[in-house]
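Step one of this worksheet: look at the structure below.
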Amino acid sequence: QSDFDPSRLDPVAAMLAELHAGSTVRLPTFVAEHRVDQMRAASSALEVVAPDLSAMVDRLFAGISGAISSANQELVFIHGDFYAKQILIDEDGATFLDFDQASLGNRHDDIGNFVAHLFRDGVRSQISESRAREAESRFVDAYRTEHPEIHERILRAYTAAGLLRLAPHPFRFREENWFEQTEAMIGIAESFLKKTTSRSSYPEPKVSHPQNGVSRAKRLAVERALDREEMEQRLGDLFADAGHSRPKLTDVRLVRNRPG
């Protein structure tokens, strides 16, 4: 929202770090495989309601599953469904709600889910793109102040996982432009996942708002065509299949584009 102040997230991050440091007695264990099962269910739903996105969803699911399954599984007390609606903030600090999914799990799961919801709110235009990015940075930095051992690649994988699980929601709740919203969320999740699989520098995840005119699908196709590393990988696969060595792509430029 327009009056949203990211600085109010500081006590939230501090309390979340305190929660993660709490007692783990008699809590069920929520391992990465459980989150993978939830993503698989979301992917199956998307293949039914948005078959045009199936290839993107399949690639995203495979990449995230591999990333979080191979991540360090230090188990701590986690909320299990941590995002803004589970938090009350007043002058005395923050209060967390709804611990029905509390368990032993990866601390990055809570943080990534919170960040995923920030970008989901950006896609819905509930907060601006700049606010979503500022809030992400502020929240993660404030948490890191309390607990420095945050692994950026693991966090981005869990954030992508959160976005994939949220992707069916626009259709489920019959939101206007549900397909464009869903596609935008998948695109943001892909941006986060790329950060976990490459040492190269990619642009920061960009919130995409549904627009009139050229469809999101066509705009995304152009964006992906201009992604040098992805195109180098695809060309390399074609050359390798034909028995040739992989070429190195030095640049990709858009010379002419006919909208629509």
Side-chain angles (χ1 to χ4, degrees), residues 30-71 73 78-86 101 103 105-124 126 132-133 136 140 151-173 175 177-198 202 204-210 216-217 220 223-224 227 230:
F30 189 89
V31 295
E33 286 73 18
H34 296 155
R35 196 58 88 195
V36 170
D37 288 341
Q38 293 177 347
M39 289 192 298
R40 182 178 292 108
S43 299
S44 297
L46 290 171
E47 289 180 357
V48 173
V49 302
D52 290 349
L53 302 180
S54 293
M56 294 174 61
V57 170
D58 289 347
R59 183 171 60 250
L60 188 61
F61 171 74
I64 298 172
S65 299
I68 67 175
S69 295
S70 62
Q73 293 299 316
I78 65 170
H79 182 279
D81 187 28
F82 190 72
Y83 67 109
K85 288 186 177 180
Q86 309 284 31
Q101 296 187 44
S103 61
N106 193 309
R107 70 179 70 246
H108 299 84
D109 190 296
D110 276 346
I111 305 170
N113 192 61
F114 186 85
V115 173
H117 276 81
L118 287 175
F119 282 92
R120 165 76 173 115
D121 289 343
V123 169
R124 299 175 71 189
Q126 292 186 334
R133 290 188 182 184
E136 174 202 8
V140 174
H151 300 281
E152 194 68 27
R153 289 176 181 269
I154 301 176
L155 176 55
R156 288 184 174 275
Y158 272 102
T159 302
L163 283 160
L164 178 55
R165 288 185 292 111
L166 288 170
H169 285 199
F171 175 84
R172 182 179 303 165
F173 298 116
E175 297 183 16
N177 296 328
W178 67 266
F179 181 85
E180 289 80 3
Q181 288 190 40
T182 299
E183 194 169 32
M185 292 167 65
I186 295 299
I188 297 168
E190 280 197 318
S191 296
F192 273 105
L193 184 62
K194 283 180 180 179
K195 291 269 190 172
T196 74
T197 57
S198 173
Y202 286 87
E204 287 300 310
K206 186 175 182 61
V207 175
S208 300
H209 303 283
R216 169 66 186 169
L220 185 60
E223 292 172 8
R224 293 181 63 194
D227 186 326
E230 179 172 349

Query raised in the report: Between Phe171 and Trp178, what is the ring plane arrangement, given parallel below 30°, perpendicular above 60°, and tilted in between?
Result: perpendicular

Report task. Answer yes if the ring centres of Phe114 and Tyr83 are under 6.0 angstrom apart, and no otherwise. Result -> no

Query raised in the report: For Thr159 and His108, what are the C-alpha separation, side-chain angles and deciding distance, and is it a side chain to side chain contact (heavy atoms under 4.5 Å, CB included)?
Result: CA-CA 8 Å; Thr159 302; His108 299 84; over 6 Å; no

Query - Atom pair CG/CE of Leu164 and Met56 - distance to nearest 0.5 Å - result: 11.0 Å

Report task. Report the relative orientation of the aromatic rings in Phe119 and Phe192; use parallel for angles under 30°, tilted for 30 to 60°, perpendicular for over 60°. Result -> perpendicular

Query raised in the report: Of all heavy-atom pairs between Arg40 and Phe61, which one has the smallest distance, and what is that distance?
Result: N-CE1, 3.5 Å

Query raised in the report: Which residue, Leu53, Thr182, Asp58, forms the side-chain contact (heavy atoms from CB on, under 4.5 Å) with Leu46?
Result: Thr182

Query raised in the report: Got Val49 and Pro168 here, is their nearest side-chain heavy-atom distance under 4.5 Å?
Result: no

Requested in this report: Would you check, one step at a time, whether the test salt bridge (charged side-chain N to carboxylate O under 4.0 Å, His left out) holds for Arg120 with Glu175?
Outcome: CA-CA 13 Å; Arg120 165 76 173 115; Glu175 297 183 16; 2.9 Å; yes

Query raised in the report: So do the side chains of Val140 and Ile111 get within less than 4.5 Å of each other, counting heavy atoms only?
Result: yes

Requested in this report: Looking only at non-hydrogen atoms, find the nearest pair between Val123 and Met185 and report the distance.
Outcome: CG2-CG, 4.0 Å

Query raised in the report: Salt bridge between Glu152 and Arg156, side-chain N to carboxylate O under 4.0 Å?
Result: yes

Query raised in the report: Are side-chain heavy atoms of His79 and Asp109 found at a separation under 4.5 Å?
Result: no

Query raised in the report: Can you find a heavy atom in the side chain of Tyr158 that is under 4.5 Å from one in the side chain of Asn113?
Result: no

